[in-house]
Amino acid sequence: MTLLLTPFYARGARQVAQDLLGKRLVRLLDGRRLSGRIVEAEAYCDAAEPDLACHGDRANRGRPTPRTAVMFGPPGFAYVYFTYGMHWMFNVITGPDGQANAVLIRALEPEEGIELMQARRSKRPLSQLTNGPARLAQALAIDRALNGAHLCDPHGVIWIEDAPPAPPDAICSGPRIGLGKTPEPWRSMPWRYWIHGNKFVSR
DNA sequence: AGCACGATTAACT
DNA sequence: GTTAATCGTGCTC
């Protein structure tokens, strides 16, 4: 059981997003493991490239704000933010310290603690437990308390474990979801990655 | 101090 | 396919 460490995260967001497919996101809640394999992820702001879809680039002329401060910090930490007045989104920080690079985890294939996750999700069927960024956050009890959490701490409450990667020829890519008003070309850049045919992908 | 809106979801028709 | 829910954030006045 190997925990992914800083060097894994300290790379380009698009590379990390693809390499995260197949890895296991683990949440320790009241001593119990809730987990799932990552099957869908999106890259936001790779290296120093501009990305007007990225919170770090869009707000405050690309400078940190209280909300986005974690994004500008070192890799291997969690960036958790609140949106639509009710939903939490879980990201991992990638790239070098000082750049607002991140990967949004969009969907998991549930593995451990399924009953507990279902209890947290109004007993929804397995297929609708963690197939969306806000859904998986609810299932794994991810909220503002985990913003800034270190994912490389073996005594922490959330981390990502090594697991067999998705075969390269099974990785699909396409435009990111929900960008709405984001200008081109970023709106259409194919920086969303998922495992071909996996039924837990959000769409 | 006020306001428009969002890296979404669930429940509608 | 459409829409309400719901509030923190960042921008403008």
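Heavy-atom basis, side chains included; hydrogens, waters and symmetry copies ignored. Numbered from 1 within each chain, the chains take letters A, B, ... in sequence-line order.
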Q: Distance-only, no hydrogens or angles: does the A:N91 side chain make a donor-acceptor pair with backbone N or O of A:Y79 under 3.5 Å?
A: yes

Q: Measure the spacing between CD of A:Q15 and OH of A:Y9 and express it to the nearest 0.5 Å.
A: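 Answer for the CD-OH pair, A:Q15 versus A:Y9, is 14.5 Å.
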
Q: Within the structure shown, what part of the strands sits under 4.0 Å from A:M71 by heavy-atom distance: base, sugar-phosphate, or nothing?
A: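 Here A:M71 touches the bases of the nucleic acid.
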
Q: Specify the residue among A:T182 and A:Q128 whose closest nucleotide of DNA chain B lies further upstream toward the 5′ end.
A: A:T182

Q: Base, sugar-phosphate, or nothing: which does A:M86 touch, judged by heavy atoms less than 4.0 Å apart?
A: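 If one applies the 4.0 Å heavy-atom cut-off, A:M86 turns out to touch a base.
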
Q: Remember a base hit wins even if backbone is also touched, and classify A:F82 as base, sugar-phosphate or nothing at under 4.0 Å, heavy atoms.
A: sugar-phosphate

Q: Nearest 0.5 Å, please: how far is CD in A:E161 from CG in A:L4?
A: 8.5 Å

Q: What's the shortest heavy-atom distance between A:P64 and A:A69, and which atoms?
A: CB-CA, 4.5 Å

Q: Classify A:R124 by what it touches in the nucleic acid, base, sugar-phosphate, or nothing, heavy-atom distance under 4.0 Å.
A: sugar-phosphate

Q: So where does chain A start and stop touching DNA chain C, 5' to 3', when the test is distance under 4.0 Å to a non-hydrogen atom?
A: C:dA5 to C:dC11

Q: One thing to verify: whether A:D162 and A:R24 come together as a salt bridge, which I'm taking to mean a side-chain N less than 4.0 angstrom from a carboxylate O.
A: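 The answer is no: the pair does not qualify as a salt bridge.
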
Q: Touch check for A:R121, heavy atoms < 4.0 angstrom, all strands: base, sugar-phosphate only, or nothing?
A: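 A:R121: backbone/sugar contact only, no base atoms under 4.0 Å.
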
Q: When rounded to the nearest 0.5 angstrom, what distance separates CG in A:N101 from OG1 in A:T94?
A: 4.5 Å

Q: Looking across every strand, which nucleic acid part, if any, lies under 4.0 Å from A:A53 by heavy atom: base, sugar-phosphate, or nothing?
A: base

Q: One thing to verify: whether A:D51 and A:R176 come together as a salt bridge, which I'm taking to mean a side-chain N less than 4.0 angstrom from a carboxylate O.
A: yes

Q: Base, sugar-phosphate, or nothing for A:R67, non-hydrogen atoms under 4.0 angstrom?
A: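 Result for A:R67 = sugar-phosphate.
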
Q: Specify the closest pair of heavy atoms between A:D143 and A:V80, including all atoms of both residues, with the distance to one decimal.
A: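 Residues A:D143 and A:V80, closest heavy atoms: O-CG1, 3.6 Å.
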
Q: For A:N91, which contact category applies under a 4.0 Å heavy-atom criterion: base, sugar-phosphate, or nothing?
A: base

Q: One thing to verify: whether A:E109 and A:R37 come together as a salt bridge, which I'm taking to mean a side-chain N less than 4.0 angstrom from a carboxylate O.
A: no

Q: Could you write out DNA chain B as dot-bracket? Rules: Watson-Crick or G-U wobble, both distances under 3.5 Å, brackets [ ] for crossings, | for pairs with another strand, dot for unpaired.
A: ||||||.|||||.

Q: Can you tell me how far the CZ atom of A:R187 sits from the CG atom of A:L179, to the nearest 0.5 Å?
A: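 CG of A:L179 is found 7.0 Å from CZ of A:R187.
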
Q: Between A:Y81 and A:H55, what is the ring plane arrangement, given parallel below 30°, perpendicular above 60°, and tilted in between?
A: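 Perpendicular, since the angle between the ring planes exceeds 60°.
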
Q: Contact boundaries of DNA chain B with chain A (under 4.0 Å, heavy atoms), 5' to 3'?
A: B:dG6 to B:dA11

